[in-house]
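What follows is a single structure, written as structure tokens, with notes after it.
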Amino acid sequence: MKPSTRNLLITCALVGVAVVWGGTFLTVKNAVAGYPLYGFLAWRFAVATVAFVALFPSSVRRMDLRIVRIGVLAGAFLTAGYVFQTWGLQDTTASKAAFITGMFVVITPLLQSLVLKRPPRLATLGGVLLAVAGLWLLAGGSVGGWNIGDTRVLLCAVAYSAHMIVLGGPGRELDVRSFTLVQLLTVAVTTAVISALTERPPLPTESSLVIALVITGVLGSAVAFVVQTYAQRYLSPTKTALILITEPAFGGLFGWLAGEKMGMSALAGSALILGGMVVAELLGARAPVTEHVELKVAVEGPPVPMAEGDDDQYPEVDRT
């Protein structure tokens, strides 16, 4: 296969990942409308864990104590992110949740700056200002347009940002597949325990719920990670990030197709949030800086580190 043909197919597959992740906001919102929140998350990540092991059996063999310890820490932040996001979807629209979750792209470098005690880049600050202005417009330009569901989803974005810091710090040196497996398992076990103590959910037998678990657990987690890992071997980090940044746009599109209404103010706010993500993630990453923490723009599927190593991991591969 010609490199150009291969890269085109990989790009299409990566766009497919963004579409699936964008669609999961509406899928999850509909699922938790009729099934307990923690029970849904427990089943979702149980399915994701089993599918991931089936696709990457070596992830079990390569496990060690350090991977488990750091993986549980990252998994705790990931758990918080998914809990707040799923909880927030009970009281806000899938469209708004998609764009608010995307705020983690601009929150992460700010949080990183606080942890490393280093001023953020100018491009990052510009992206933050754009995204905050977008949030204001997304809420209708008033405090009254902001509800409790939006707040929960914003807390999800903060949790995802903390998760990114762990991935870019101690998690950067670990085997990426085993590290991801521990995180998936952490979310599954934690939510299962909470569900057993507080909910007593029935078995997910309804067809719509089973479909939601397959979409979010298999396609949105295990399969999406396979595609992303493979794509990062041939596509540049900039191109990969640019494609995945479209996820909130797909989330908004699916919400609109389902009948969710977005006025001109909300549409303008969504555009500003996307613009802020692009500026912070793509332009901000171009400035040379020491102790750089790599960002992975995946707000749904779940967030996982890039393939082992840094941007120069595959110097022998011609990237587009």
Say you draw a straight line from [atom1] of [X] to [atom2] of [Y]; how long is it, rounded to the nearest 0.5 Å?
X	Y	atom1	atom2	value
Leu272	Leu130	CG	CG	6.0 Å
Gln85	Thr101	CD	OG1	4.5 Å
Asp150	Leu135	CG	CG	9.0 Å
Arg44	Thr49	CZ	OG1	11.5 Å
Leu267	Leu137	CG	CG	10.5 Å
Thr27	Lys29	OG1	NZ	12.5 Å

Donor-acceptor pair between Trp146 and Thr151 side chains, under 3.5 angstrom: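 Present: a donor and an acceptor within the cut-off.
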Residues forming a ring-ring contact (aromatic ring centres under 6.0 Å, His included) with Phe56, sequence neighbours excluded: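 In terms of ring-ring contact (aromatic ring centres under 6.0 Å, His included), with neighbours along the sequence ignored, Phe56 is linked to Phe52, Phe225.
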For Phe40, ring-ring contact (aromatic ring centres under 6.0 Å, His included) partners two or more places apart: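 None.
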Counting C-beta onward and ignoring hydrogens, is there a side-chain heavy-atom pair between [X] and [Y] closer than 4.5 Å?
X	Y	answer
Gln183	His163	yes
Arg152	Asp91	yes
Val106	Thr124	no
Tyr82	Thr191	no
Pro202	Tyr35	yes
Trp256	Met262	no
Lys261	Thr93	no
Met63	Leu181	yes

Nonpolar side-chain network containing Leu185, other nodes, edges under 4.5 Å: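 Members other than Leu185 - counting any ILVMFWY side chain reachable under 4.5 Å - are Val189, Val193, Leu197.
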Hydrophobic cluster membership, [X] vs [Y], 4.5 Å side-chain cutoff:
X	Y	answer
Leu65	Val60	no
Val158	Leu167	yes
Leu155	Leu114	no
Met277	Leu110	yes
Leu122	Leu129	no

For the side chain of [X] and the backbone of [Y], is there at least one donor-acceptor N/O pair under 3.5 Å apart?
X	Y	result
Thr92	Gly88	no
Glu199	Gly39	yes
Thr24	Trp21	yes

Measure across [X] and [Y] and return the closest heavy-atom pair with its distance rounded to 0.1 Å.
X	Y	answer
Leu184	Ala48	CD1-O, 4.1 Å
Val17	Ala224	CG1-CB, 3.9 Å
Glu260	Ser95	OE1-OG, 2.7 Å
Gly251	Ala98	CA-CB, 4.0 Å
Val279	Gly126	CG1-C, 4.4 Å
Ser178	Arg62	OG-CB, 3.3 Å

Glu206 atom CD, neighbour heavy-atom count above 12 within 6.0 Å: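 Atom CD in Glu206 is not packed in, count stays at 12 or less.
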From CA spacing to verdict: side chain to side chain contact (heavy atoms under 4.5 Å, CB included), Tyr160, Leu78: CA-CA 6 Å; Tyr160 279 174; Leu78 191 60; 4.1 Å; yes
Test ring-ring contact (aromatic ring centres under 6.0 Å, His included) applied to Phe25 and Phe250, step by step: CA-CA 10 Å; Phe25 288 95; Phe250 285 118; over 10 Å; no
Go through the structure and list residues passing side chain to side chain contact (heavy atoms under 4.5 Å, CB included) with [X], not counting sequence neighbours.
X	value
Leu9	Met1, Thr5
Ile70	Arg66, Val166, Pro170, Leu174, Phe179
Asn30	Leu26

Option passing side chain to side chain contact (heavy atoms under 4.5 Å, CB included) with Ile211 (candidates Ile215, Val214, Leu213):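 In the set Ile215, Val214, Leu213, the residue that makes a side chain to side chain contact (heavy atoms under 4.5 Å, CB included) with Ile211 is Ile215.
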Candidate pair Val15 and Thr246, rule side chain to side chain contact (heavy atoms under 4.5 Å, CB included), full reasoning: CA-CA 8 Å; Val15 171; Thr246 63; 5.9 Å; no
Check against side chain to side chain contact (heavy atoms under 4.5 Å, CB included), Leu274 and Phe99: CA-CA 8 Å; Leu274 282 177; Phe99 287 103; 3.8 Å; yes
Trace of the side chain to side chain contact (heavy atoms under 4.5 Å, CB included) decision for Asp64 with Ile67: CA-CA 5 Å; Asp64 60 35; Ile67 290 176; 3.2 Å; yes
